[in-house]
J.: 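Structure provided below as C-alpha cells; questions to follow.
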Protein chains: 2
Amino acid sequence: MKSSIPAATVARLPVYLRCLGDLFVSQGTCSSEELAAIAGVNSAQVRKDLSFLGSPGVRGVGYNVLDLSRELRVALGLTKGYSVAIIGIGNLGRALSNYKGFGDWGFEVAALFDADPDKVGTAVGEFSVESMDDLEQIVKERNVSIGIVTVPADAAQYVADRLVETGIRSILNFAPIVLQVSDNVSVRRVDLSTELPILTFLLQQSVE
Amino acid sequence: MKSSIPAATVARLPVYLRCLGDLFVSQGTCSSEELAAIAGVNSAQVRKDLSFLGSPGVRGVGYNVLDLSRELRVALGLTKGYSVAIIGIGNLGRALSNYKGFGDWGFEVAALFDADPDKVGTAVGEFSVESMDDLEQIVKERNVSIGIVTVPADAAQYVADRLVETGIRSILNFAPIVLQVSDNVSVRRVDLSTELPILTFLLQQSVE
DNA sequence: CGTTGTGAAGGTCTTCACAGCC
DNA sequence: GGCTGTGAAGACCTTCACAACG
C-alpha cells in the first residue's frame with residue numbers, strides 16, 4: 001500500500017506530538033498558530049499536515065490536545081509496541097542504551113549486541129550485551145522490528161545485510177556511511193559528521 | 001551575502017566528501033555515476049550539485065578525486081579550523097567528546113561544559129570539564145564558533161540563549177526541542193526521538 | 001567515445017488567501 | 001469572531017535528455 005501522507009509531513013508529525021506533550025496539559029485546546037510557534041514552522045503548514053490525519057480540529061476553536069496526541073500516536077504506529085535492538089556497544093551505543101526516551105514513545109529495547117567477546121555478557125544499564133553470533137535467533141525470538149546500527153563505518157554494511165537477512169525492514173543508522181539496501185527496507189541516517197560542515201558552510205556565507 | 005548554493009545541495013556536499021575519502025585513493029578519477037552509487041543518489045543530482053562549485057569535472061573522464069575533495073573542503077569552510085564546545089556532559093556529551101571524527105574534518109574541540117559541580121574538573125578523554133559559570137569567558141578566549149548542545153530538553157533553550165549572547169552563530173542541537181533563535185543564528189537539530197516514529201510509520205504502511 | 005554540464009520538464013513542498021464552519 | 005481546511009500560486013528540488021567537449 002502506498003502512503004497518502006507526504007514524506008515531509010511524516011517527518012514533522014513526531015515533532016508536533018512532542019510539542020503537544022510539552023504544552024501545559026490543563027490547556028485542553030491549542031491553535032495551529034500556537035503549535036506552529038513551538039514547532040518552528042508556518043501555521044498553514046501545521047494545518048495542512050494535520051489535515052492528512054482526517055480533520056481533528058474544530059473551526060473557531062483549535063485542536064484538542066489529548067485527542068490530537070492520540071491520533072498522532074496511532075498514525076505513527078506508536079501504539080503497536082515495536083521492539084528495537086542496538087548493534088554496536090561503543091560510546092554511542094552505550095549512550096543510546098541508557099536513553100530513557102524510548103519508553104515514552106512506546107518502544108522497547110529488546111537486545112544489545114556487540115562483536116567484541118570482551119563486551120559480551122557485560123551489563124549496560126538494565127541489559128546484558130549479547131553475541132553477534134546469536135543475532136538471528138534473538139531477533140526472531142524477541143520479535144525485533146527495528147535495528148539501531150552504532151558500529152564503526154567499516155562494519156555497518158555487513159551488519160545491515162545480516163539484519164535484513166533476518167527479516168528486519170527498518171534501520172536507524174548512526175554509522176557515517178550510506179547503507180545500500182533493497183527498496184523494501186527503510187533506512188534513516190543520523191549523521192553527526194555531516195552536520196558540522198553544513199554549519200560551517202553557513203558560517204562562511206554570513207561573513208562573506 | 002546570499003548563498004548561491006541551494007540548501008539541499010549543501011546538505012549533500014559533506015556526504016560526497018566522505019564518499020571520496022572512502023574511494024581507493026590510487027583511483028585518481030571518479031565518475032558521477034560511481035559517486036552517485038556510493039552516496040545513494042541520482043547521478044544527475046551529483047553533477048548538478050558539483051556544478052555549483054564551478055566546473056571541477058572533465059568531460060569524458062570524470063572528477064579528479066583529490067582536487068574535488070579539496071574543493072569541497074574549501075567550499076564547506078573546513079579549512080578554517082573552526083572550534084566547537086560541547087555543553088552538557090551526560091551519556092551523549094561524553095560519547096561526542098570521545099568522537100575521533102572531529103579532527104578528520106578540521107574541527108577542534110575547544111571546551112566541555114556542564115552545570116553539575118560534581119562533574120566540573122573531571123576528565124573526559126583528553127579534556128577537563130569546565131563550569132557553566134565560565135562559559136562566556138572561555139568561549140571568547142578560545143574563539144569557539146559552534147556550540148554543541150547535549151543538555152536535557154528543559155535546559156536547552158536557556159543554554160542556547162547564553163551561547164547566542166556570547167556571540168555564537170551556529171548551534172548543533174541534540175536536545176529534543178525546537179530552539180527559538182533569531183534568524184542570524186543557524187541551528188541544526190539531530191533528534192533521535194523523532195527518527196524512530198518515522199520508521200514505525202513506514203513499517204505500518206508496508207503492512208496495510 | 002564517454003562523461004560532464006545544463007535547459008527544460010516534472011515533482012514535491014510551502015505559503016498564501018479565503019471560503020467554510022463552529 | 002475566530003480558527004480550521006483547502007484550492008491555487010509559487011518556490012524549490014529532482015530527474016531527464018541531450019548538446020558540448022576533452
Side-chain angles (χ1 to χ4, degrees), chain A residues 2-16 19-20 23 27-69 71-72 75 178 183 198 201-202 205, chain B residues 2-16 19-20 23 27-69 71-72 75 178 183 198 201-202 205:
Chain A
K2 195 194 140 291
S3 162
S4 56
I5 307 188
T9 294
V10 173
R12 278 186 298 266
L13 295 182
V15 177
Y16 298 151
C19 290
L20 289 173
L23 284 174
Q27 179 180 350
T29 194
C30 148
S31 72
S32 62
E33 203 73 55
E34 288 177 83
L35 191 47
I38 316 176
V41 301
N42 182 293
S43 68
Q45 185 85 82
V46 170
R47 293 196 298 278
K48 183 145 282 189
D49 285 342
L50 296 182
S51 74
F52 289 106
L53 303 179
S55 296
V58 181
R59 289 169 207 236
V61 179
Y63 301 88
N64 180 298
V65 173
L66 293 178
D67 288 351
L68 183 54
S69 297
E71 281 210 58
L72 283 169
V178 177
D183 58 7
I198 296 170
F201 175 85
L202 298 171
Q205 293 299 314
Chain B
K2 195 192 142 291
S3 162
S4 56
I5 306 188
T9 294
V10 172
R12 279 185 298 266
L13 295 183
V15 177
Y16 298 150
C19 290
L20 289 174
L23 285 174
Q27 180 179 351
T29 193
C30 149
S31 72
S32 62
E33 203 73 55
E34 287 177 82
L35 191 47
I38 316 176
V41 301
N42 183 292
S43 67
Q45 185 84 83
V46 170
R47 291 196 299 278
K48 183 145 282 189
D49 285 341
L50 296 183
S51 74
F52 288 106
L53 303 180
S55 297
V58 180
R59 290 171 207 234
V61 178
Y63 301 89
N64 179 298
V65 173
L66 292 179
D67 287 351
L68 182 54
S69 296
E71 280 209 58
L72 283 168
V178 177
D183 58 6
I198 296 170
F201 175 85
L202 298 171
Q205 293 299 314

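Numbered from 1 within each chain, the chains take letters A, B, ... in sequence-line order.
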J.: Hey, is the side chain of B:Ser32 poking within less than 4.0 Å of OP1 or OP2 on C:dT4, counting only N and O atoms?
T.: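 Looking at the OP1 and OP2 atoms of C:dT4, one of them is under 4.0 Å from a side-chain N or O of B:Ser32.
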J.: Specify the closest pair of heavy atoms between B:Leu50 and B:Pro56, including all atoms of both residues, with the distance to one decimal.
T.: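 Smallest interatomic distance, heavy atoms only, reads O-CD, 3.6 Å.
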J.: Whole angstrom is fine here: how far is it from CG in A:Leu13 over to P in C:dC13?
T.: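 These atoms are roughly 13 Å apart.
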J.: Compare every heavy atom of A:Thr29 with every heavy atom of A:Gly62, then report the nearest pair and how far apart it is.
T.: C-OG1, 3.9 Å
J.: Would you say B:Phe52 and B:Pro6 make side-chain contact, with heavy atoms under 4.5 Å?
T.: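 Counting from C-beta outward, B:Phe52 and B:Pro6 do come under 4.5 Å.
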J.: Which distance, rounded to the nearest 0.5 Å, do you find between the CD of A:Glu71 and the CG of A:Leu20?
T.: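 One finds 11.5 Å between CD of A:Glu71 and CG of A:Leu20.
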J.: Would you jot down, in residue-number order, the residues of residues 35-54 of chain A having a non-hydrogen atom under 4.0 Å from DNA chain D?
T.: A:Arg47, A:Lys48, A:Ser51
J.: Nearest 0.5 Å, please: how far is CG in A:Leu66 from SG in A:Cys30?
T.: 11.0 Å
J.: Hey, which of B:Leu35, B:Ile5, B:Thr9 is the one that makes side chain to side chain contact (heavy atoms under 4.5 Å, CB included) with B:Asp49?
T.: B:Thr9
J.: How close or far is atom C1' of C:dC22 from atom CZ of A:Arg59, stated in whole angstroms?
T.: 9 Å
J.: Does anyone know the first and last nucleotide of DNA chain D in reach of chain A, 5' to 3', at under 4.0 angstrom to a heavy atom?
T.: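 The contact span of chain A on DNA chain D goes from D:dG2 to D:dA8.
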J.: For A:Arg12 and for A:Gly60, find the nucleotide of DNA chain C with the closest heavy atom, then tell me which residue's nucleotide is more 5'.
T.: A:Arg12
J.: Tell me the closest heavy-atom pair linking A:Leu23 and A:Val65, and the distance in Å.
T.: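 Of all heavy-atom pairs spanning A:Leu23 and A:Val65, the closest is CD1-CG2, 4.3 Å.
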J.: Run the side-chain contact (heavy atoms from CB on, under 4.5 Å) test on A:Phe201 and A:Ile198 for me, step by step, so that the C-alpha distance in whole Å, both residues' side-chain angles and the decisive distance to 0.1 Å come before the verdict.
T.: CA-CA 5 Å; A:Phe201 175 85; A:Ile198 296 170; 5.7 Å; no
